[in-house]
**Student:** 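I have a structure I would like to understand better, so I am pasting it below and will then ask my questions one at a time.
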Amino acid sequence: MASFIPSELEQKWQQKWEDGDIFSARTADGQKKYYVLEMFPYPSGRIHMGHVRNYALGDVVARFKRAMGFNVLHPMGWDAFGLPAENAAIERGIHPGTWTTENIAAMRAQLKTMGLSYDWGRELATCMPDYYRHEQKMFLDFLKKGLAYRKESWVNWDPVENTVLANEQVVDGRGWRSGAPVERRRLSQWFLAITRYGDELLNAIEGLDRWPDKVRLMQQNWIGRSQGAEVDFVIDGKKDSAVTVFTTRPDTLYGASFIALSPQHPLAAELAETKPQMADFIAECAQLGTSEANIERAEKKGIFTGLYAVHPLIDGQKLPVYVANFVLMDYGTGAVFGCPAHDQRDLDFARACSLPVIPVVRPHDSDDNFSIEDEAYTGPGILFNSAGWSGLDIEAGKEAAINALESSGAGRRKITFRLRDWGVSRQRYWGCPIPIIHCPTCGAVPVPEEQLPVCLPDDVECDSPGNPLDRHPTWSDVACPQCAGAAKRETDTFDTFFESSWYFLRYTDPHADTAFSAQAAAYWMPVDQYIGGVEHAVLHLLYSRFFMRALSDVGYLDLAEPFAGLMTQGMVCHQSFRDENGNWLFPEEVEKRGDNWVLKSDGRGVHAGRVEKMSKSKRNVVDPEHIIATYGADTARLFMLSDSPPERDLEWTEAGVEGAHRFIQKIWKLSWSVTPCARDFYFDSSAEIGEAASTLARALHKASHGIATDIERFAFNRCVAHLHILVTAITDYHNSPSTDKNAFSYAMQQLAIVLSPFSPHIAEEIWQRSGGEGFVSQAGWPDADPAWLKEDVIEVAVQVNGKMRARISLAVDCPREDAEQIALGDEAVQKHLGGQTPKRVIVVPNRIINIVC
RNA sequence: GCGGGCGUGGCGAAAUUGGUAGACGCGCCAGAUUUAGGUUCUGGUAUCCCAAAGAUGUGGGGGUUCAAGUCCCUCCGCCCGCACCA
């Protein structure tokens, strides 16, 4: 027997697949299509285990659907613009483009060793002008349609580097490189009007029935449609100035005790001009940056403006106006009224500032003495302390409030979305240039379409922070397309989510002169199965849904939803280790001796930490390249799929890989007894073929049925269990005295088919040895014969008063009465009945019998 | 802070969606093969109990039901996302 060298075997088959060009997808009208897509990687330099998991999952689906007779599209490409390339440029003096291209080459080579069934002819990289030129055109089309517009918004500003910082680059309120306290700055930037589709994006979630419920919920909450009212509060002493607030609880207006403005509210800025204290407070708030998580986690603080607002309903009542760090400028109107009795955050603030707490909603089972202590009351109830609204329930109260506001002119019904328009401008080099020319006389002028693409210049200095496009001596100097006067190119580039919002469309027609052709999109779209990390549950997936609608509206295609099916995978985790000094250690630096972990080098003790997401900083990483070189891709893929269900986190363990490897080797050894089998061989379920052959036939049919069912429901770990059971059955048959060489080889050939989505290389080898035609990668999935799946006798549990007391064997679909009689006749059952007569007997056919007395 | 999720043997998990808890794998134990180690093969393995019988058991507490890992309430722990990381 030849020893098993996975790399040789795998290279051989990868070469044959490539030579045979068997994974190229061609538009084939009439054949049912299936589009499988995994989220394309950012070319960071090396693949990591998360990629291996993602692509192994996708390849199972692609290979299985091919076996089921679908015309499968399974492409791969590179999400190639982004911040890390610029960081590499600053840190290592390498051009972002060079860095990215080298990374792509390295990662492509790594991916190819996995034996994934991609159509590499459709590969794309978003940093190529051939790709991004189309999104410049899209942007201009959006602009014409009013879907793109310009407005001011806030960014994190590093005052030392004079650059805009990403949230990731703000650490504890300081720039990550400069260490300087972050400021907020207002910049004029481009936005895409995603909120125009708010209702549609929300309503269509219901139809995404092959998406995980959790993702649908998250998108729903993210869009966050709320009904309520806008209320205008006139500032005392300034008749014509009012602060407008948005509230979902107009019913609690009689409980209002203050008004709070966002630190970015125009009125706050106005006050800061004359009040240094206010200016200081706003500056302090600015240090929290733009991250909503940071803002909302910060200690609640506010300062009094000295102004009072007039309560629109209560004569003579005035509410103090504060500027508070917990009010977001981006939501509603950037101002709220505080009702401490019925909002915990308002209550905390009111207690800190000694403001009145006026309960206006009481629970149904309380009376008008209901009062508030440390906890705001947010539950259902009846209004009180509310003049004419007292006695109404909350919903009726809201209606009454809105009617009162509308008739007095102090407010109006209002629907607000939490969703904000998408700011796409980035002050960075490594992105798609925004095709706009700024002219001192004509303003922002679109670059004429015949001048597209606006290519990134290569000759840039990337050795210092900031946008090199701003520093380029000539690139931005152009003539205005309208007046031919001297003008400047826009030096901002697009958010990289722009690229990932339509790449799945480009794959359908990757060499088209346009972004894609409507025909190709009509054939291949939507993506039937999309697979990727749950971290994209909202942003990327929502932007893509928006893009489809926007592109449809400007005439590119006619389809609203890009992804019919979605599967979100869990993270790949590994135990982390630290030495005595708290330094992180790589897994290969430690080993287990007895119950303790020690350093391999000198045997000193090691702290074994938690099992957590693989990350470079904690060093708990395992390099896929090393694993594939050692065990082979078949083993690595099989292990990735075998232990945890795909949506859950997976712990990478050495022992687990070893186990998968043993299983592959077991199959390898078995494969040496395989000889070409008769083409028309099959197990006849209507003939007497003997015990051993029947058992084998049953195992084969159960496996092909079970694996197909479990692939459809993403229970890949169960698929691996089916494979183990099948291999055990084939081994037993092989070892049995009545073994038949032809039957054995046939069984192995069938195994090859059902194994091929998981470990395709060894499957090809077995297929070839058993005389299979062509590639197993192109073979059809075996139909399961129901006759071989049916059991004759089934074991049924018998409970007495809900406790399991016996198991009885019954014929399948045995009549209820017979089952009941047999159960009651059972010795153990009789013993537990202790002579009592059953009051009730529940018979669940083929499952359980419960005798109640 | 807000939004979402997860929690079952020593470990990864399974449970036909309210019907026999622990399939399959890892680990461990015993035996066989082997000069030995490794490999391989066979058997065992939720806990308590010598065994049987029995009892207990799905993060904690409570509830609904003939029947709860599954449904409801509540508490605890861990993880993910929060709009300029991708």
Side-chain angles (χ1 to χ4, degrees), chain A residues 39-42 44 79 81-84 87 155-156 164-170 212-215 217-222 224 289-298 300 326 330 344-345 418-428 495-497 500 533-540 542-543 568 570-571 573 610-613 639 642-645 647-651 653 655-660 662-663 665-666 669 709 715 717-725 728 731 735 795-799 801-804 806-807 831 839-842 844 846-853:
Chain A
M39 290 179 183
F40 65 166
Y42 178 78
S44 56
D79 188 13
F81 276 136
L83 206 47
N87 292 332
V155 293
N156 299 312
V164 175
L165 296 175
N167 284 337
E168 189 192 51
Q169 298 172 313
V170 178
D213 287 342
K214 62 173 174 186
V215 176
L217 244 181
M218 280 190 258
Q219 291 218 346
Q220 228 168 342
N221 291 330
W222 185 265
T290 57
S291 151
E292 190 177 314
N294 277 347
I295 293 166
E296 296 214 24
R297 261 197 307 259
K300 309 282 170 282
F326 56 84
D330 290 318
Q344 191 60 42
R345 208 169 47 182
R418 208 187 74 95
L419 180 68
R420 310 197 291 256
D421 273 346
W422 173 16
V424 291
S425 297
R426 296 293 180 269
Q427 296 68 43
R428 306 194 195 294
D495 177 7
T496 57
F497 276 121
S500 55
V534 71
E535 66 274 17
H536 296 288
V538 175
L539 291 178
H540 161 58
L542 193 61
Y543 289 148
T568 56
M571 298 177 302
C573 299
R610 295 187 309 135
V611 174
E612 55 195 318
K613 181 180 180 171
F639 171 64
S642 62
D643 260 20
S644 296
E647 63 275 11
R648 223 186 283 186
D649 289 351
L650 169 105
E651 186 192 353
T653 60
V657 189
E658 294 278 356
R662 272 204 295 277
F663 182 59
Q665 282 176 304
K666 187 174 171 176
K669 281 178 197 160
T709 313
N717 50 332
R718 281 173 47 118
C719 293
V720 178
H722 289 301
L723 287 171
H724 276 279
I725 294 166
T728 303
T731 308
N735 295 338
E795 201 178 54
V796 171
V798 184
Q799 297 182 330
N801 289 326
K803 292 209 179 221
M804 232 269 289
R807 287 165 203 227
K831 189 185 143 199
K839 280 190 198 121
R840 204 178 149 192
V841 180
I842 293 133
V844 181
N846 300 331
R847 235 179 269 296
I848 205 166
I849 297 165
N850 192 5
I851 301 164
V852 186
C853 55

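Reminder, nothing fancy here: chain letters follow the sequence lines and each chain counts from 1.
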**Student:** What residues form a salt bridge (Lys or Arg N to Asp or Glu O under 4.0 Å) with A/R426, not counting sequence neighbours?
**Tutor:** A/D495
**Student:** Give me syn or anti for B/G9, where syn covers glycosidic angles within 90 degrees of 0.
**Tutor:** syn
**Student:** Taking it one step at a time, do A/I849 and A/V841 satisfy side chain to side chain contact (heavy atoms under 4.5 Å, CB included)?
**Tutor:** CA-CA 7 Å; A/I849 297 165; A/V841 180; 3.9 Å; yes
**Student:** Looking at the base of B/U20, is there any donor atom on it, or on the side chain of A/R847, that sits under 3.5 Å from an acceptor on the other one?
**Tutor:** no
**Student:** Could you check how far CG of A/L217 sits from P of B/C2, rounded to whole Å?
**Tutor:** 17 Å
**Student:** Can you build the contact string for nucleotides 7-15 of chain B? Use B for base contact, S for sugar-phosphate-only contact, and - for no protein heavy atom under 4.0 Å.
**Tutor:** S----SSSS
**Student:** Step by step, would you call A/R840 with A/I851 a side chain to side chain contact (heavy atoms under 4.5 Å, CB included)?
**Tutor:** CA-CA 6 Å; A/R840 204 178 149 192; A/I851 301 164; over 6 Å; no
**Student:** According to the interplanar angle, ranging from 0 to 90°, do the rings of A/H536 and A/F497 count as parallel (below 30°), tilted (30 to 60°) or perpendicular (above 60°)?
**Tutor:** perpendicular
**Student:** To the nearest Å, give me how far apart CD1 (A/I851) and P (B/U20) are.
**Tutor:** 16 Å
**Student:** Roughly how far apart, to the nearest Å, are B/A53 and B/G59 at atom C1'?
**Tutor:** 31 Å
**Student:** What's the spacing between A/R428 CZ and A/L83 CG if we round to 0.5 Å?
**Tutor:** 5.0 Å
**Student:** Using the C1' atoms only, state how far B/U47 lies from B/A21, rounded to an integer number of Å.
**Tutor:** 14 Å
**Student:** Determine, for nucleotides 80-86 of chain B in 5'-to-3' order, which nucleotides have protein heavy atoms under 4.0 Å from the base (write B), from only the sugar-phosphate (write S), or from neither (write -).
**Tutor:** -SBBBSB
**Student:** Rounding to the closest angstrom, what is the interatomic distance between B/U35 and B/C28 at atom C1'?
**Tutor:** 27 Å
**Student:** Return the set of residues passing side-chain hydrogen bond (donor to acceptor under 3.5 Å, both in side chains) with A/R345 (not counting sequence neighbours), or none when no residue passes.
**Tutor:** none
**Student:** What is the separation between atom NZ on A/K300 and atom C1' on B/C2, rounded to the nearest whole Å?
**Tutor:** 10 Å
**Student:** For every nucleotide of nucleotides 61-72 of chain B, 5' to 3': is a protein heavy atom under 4.0 Å from its base (B), only from its sugar-phosphate (S), or from neither (-)?
**Tutor:** -----BS-----
**Student:** For the pair A/R418 and A/E292, find out whether any cationic side-chain nitrogen is under 4.0 Å from an anionic carboxylate oxygen.
**Tutor:** yes
**Student:** What's the closest nucleotide to the side chain of A/N221 if the choices are B/C26, B/U20, B/G3?
**Tutor:** B/G3
**Student:** Which of these, A/I848, A/I842, A/V852, sits in a side chain to side chain contact (heavy atoms under 4.5 Å, CB included) with A/Q799?
**Tutor:** A/I848
**Student:** Drop me the distance from A/T496's OG1 to A/H540's NE2, to the nearest 0.5 angstrom.
**Tutor:** 11.0 Å
**Student:** Both A/E296 and A/T653 contact RNA chain B. Taking the nearest nucleotide for each, which residue is further toward the 5' end?
**Tutor:** A/E296
**Student:** Whole-Å distance between B/G27 P and A/E658 CD?
**Tutor:** 9 Å
**Student:** Distance check, P atoms only: B/A30 and B/C80, in whole angstrom units.
**Tutor:** 41 Å
**Student:** Between B/G44 and B/U34, how far apart are the two P atoms, rounded to whole Å?
**Tutor:** 24 Å
**Student:** Is a side-chain N or O of A/N156 found less than 3.5 angstrom from the main chain of A/T290, in a donor-acceptor match?
**Tutor:** yes
**Student:** Find the runs of at least 3 consecutive base pairs, i with j, i+1 with j-1 and so on, that include RNA chain B, using Watson-Crick or G-U wobble geometry with both distances under 3.5 Å.
**Tutor:** B:1-7 with B:76-82, B:10-12 with B:24-26, B:27-32 with B:40-45, B:46-48 with B:54-56, B:59-63 with B:71-75
**Student:** Specify the separation, in whole Å, of atom CD of A/Q665 and atom P of B/C41.
**Tutor:** 11 Å
**Student:** Between A/T653 and A/F639, is the side chain to side chain contact (heavy atoms under 4.5 Å, CB included) condition met? List the steps.
**Tutor:** CA-CA 9 Å; A/T653 60; A/F639 171 64; 4.1 Å; yes
**Student:** Are the side chain of A/Q169 and the backbone N or O of A/A166 linked by a donor-acceptor pair below 3.5 Å?
**Tutor:** yes
**Student:** Taking syn as within 90° of 0 and anti otherwise, name the glycosidic form of B/U34.
**Tutor:** anti
**Student:** Could you state the atom-to-atom distance from NE2 of A/H722 to C1' of B/A23 in whole Å?
**Tutor:** 9 Å
**Student:** Expressed as a whole number of Å, how far does the C1' atom of B/A51 sit from that of B/A55?
**Tutor:** 15 Å
**Student:** For B/C72 versus B/A23, give the span between their P atoms, rounded off to a whole number of Å.
**Tutor:** 28 Å
**Student:** Less than 3.5 Å apart, any donor N or O on the side chain of A/N717 or A/S642 sitting next to an acceptor on the other?
**Tutor:** no
**Student:** Quantified in whole Å, what is the P atom distance between nucleotide B/C71 and nucleotide B/G10?
**Tutor:** 24 Å
**Student:** How far does CG of A/L419 sit from CG of A/D330, to the nearest 0.5 angstrom?
**Tutor:** 11.5 Å
**Student:** A/M804 has an atom CE; how far is it from atom C1' of B/A21, in whole Å?
**Tutor:** 10 Å
**Student:** For the pair A/D79 and A/M39, evaluate side chain to side chain contact (heavy atoms under 4.5 Å, CB included) and give the outcome as yes or no after the intermediate values.
**Tutor:** CA-CA 9 Å; A/D79 188 13; A/M39 290 179 183; over 6 Å; no
